Amino acid sequence: MSSSFTGRRILISVDGSDHSMRAFRLYIDSIYESDDKVTLFHAIDRAEIVLGLTGTDPLLYNEEDLKQAVAKKKEQINQMKDVYAKVLEEKAIEYEFVATNHHSGAAGPAIVELCEERGIHMVIMGCRGLGTIRRTLLGSVSDYVVHHCNVPVTIVPPPPTTIDFSGPVI
């Protein structure tokens, strides 16, 4: 961490979903200041890579299948990074992209740890909008970060659900 840097360090959690893109757009449209340094953070769920393989028994996967799955995931991450990088570069915002491996459910602790390591001033992240019961049973990354991070955390909720009342009433 450079001692000459005087701006804010902003961590934006990204995963390529609409939820994380809304959080990113909120930063760009409403929170951005010209001397910010952005850390785009992506947590790679190792289980997601294996679950993406065809078949049901992980003991039957061969080394080539795993290599291909990892290569595919790396390509997806690079494509996602390019989308965010294009906007940041157009606005001349200094940024870094950090991708880290984690076990399922450990993305929250990874974000909190990175905030402490990098001297982050603010976290911005999307929220899937899990219901109370699912969030209680499964936990959520945003819930973990809000309760364990020592810097302000902005959670961008999912858009409101729209109901079409124009159809017939049954």
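Predicted, not measured: the structure shown is a model, and the values here were computed from it.
Two residues are said to be in side-chain contact when any heavy atoms from C-beta on lie closer than 4.5 Å; M125 and I12 fail this criterion. Using a 4.5 Å heavy-atom cutoff, the side chains of L11 and I124 are not in contact. Between T100 and I44 the shortest side-chain heavy-atom distance does not fall below 4.5 Å. Residues M122 and R8 have side chains in contact (heavy-atom distance under 4.5 Å, counting atoms from C-beta outward). Side chains of V156 and F24 form no contact here, defined as non-hydrogen atoms less than 4.5 Å apart. Using a 4.5 Å heavy-atom cutoff, the side chains of V146 and V123 are not in contact. Using a 4.5 Å cut-off on side-chain heavy atoms (C-beta onward), S13 and I111 make contact.
Among I120, V153, V145, the one residue that satisfies the side-chain contact (heavy atoms from CB on, under 4.5 Å) test with C115 is I120.
Taking OG1 of T6 as the reference point, atom NZ of K37 lies at 12.5 Å (rounded to 0.5 Å). For the atom pair M80 CE and E75 CD, the distance stands at 11.5 Å (nearest 0.5 Å). Taking CG from D15 and CG from L40, the interatomic distance works out to 12.0 Å, rounded to the nearest 0.5 Å. In this structure, the separation between CD on E94 and OG on S34 is 12.0 Å, given to the nearest 0.5 Å. Atom CZ of F41 is separated from atom CZ of R118 by 10.0 Å, given to the nearest 0.5 angstrom. Taken to the nearest 0.5 Å, the CG atom of D82 stands 8.5 Å off from the CD atom of E89.
V98 and V112 fall into different hydrophobic clusters, where Ile, Leu, Val, Met, Phe, Trp and Tyr residues are linked whenever their side-chain heavy atoms come under 4.5 Å apart, directly or through other members. Residues Y144 and L114 fall into different hydrophobic clusters, defined by Ile, Leu, Val, Met, Phe, Trp and Tyr side chains chained together at heavy-atom separations under 4.5 Å. Placement of V38 and M21 within a single hydrophobic cluster is found when ILVMFWY residues are connected by side-chain heavy-atom separations under 4.5 Å, directly or transitively.
H42 and F97 have parallel rings, their planes meeting at less than 30° on a 0 to 90° scale where 60° marks the start of perpendicular.
In the model, Y84 has a side-chain atom that pairs as donor or acceptor with a side-chain atom of S20 under 3.5 Å. Side-chain N/O atoms of Y27 and D36 include a donor and acceptor closer than 3.5 Å.
Within 6.0 Å of the CG atom in D18, the count of heavy atoms belonging to other residues, nucleotides or ligands does not exceed 12.
The minimum heavy-atom distance linking G7 with H121 is given by the pair O-CE1, 3.5 Å. R22 approaches C127 most closely through the heavy-atom pair NH2-O, 4.1 Å.
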Exercise. Stepwise, does the side-chain contact (heavy atoms from CB on, under 4.5 Å) test hold for I28 with R25?
Worked result: CA-CA 5 Å; I28 294 296; R25 291 298 335 164; 3.5 Å; yes
Exercise. Given the rule in the side-chain contact (heavy atoms from CB on, under 4.5 Å) test, do V83 and V14 qualify, once you have shown the distances and angles that lead to the verdict?
Worked result: CA-CA 11 Å; V83 169; V14 297; over 6 Å; no
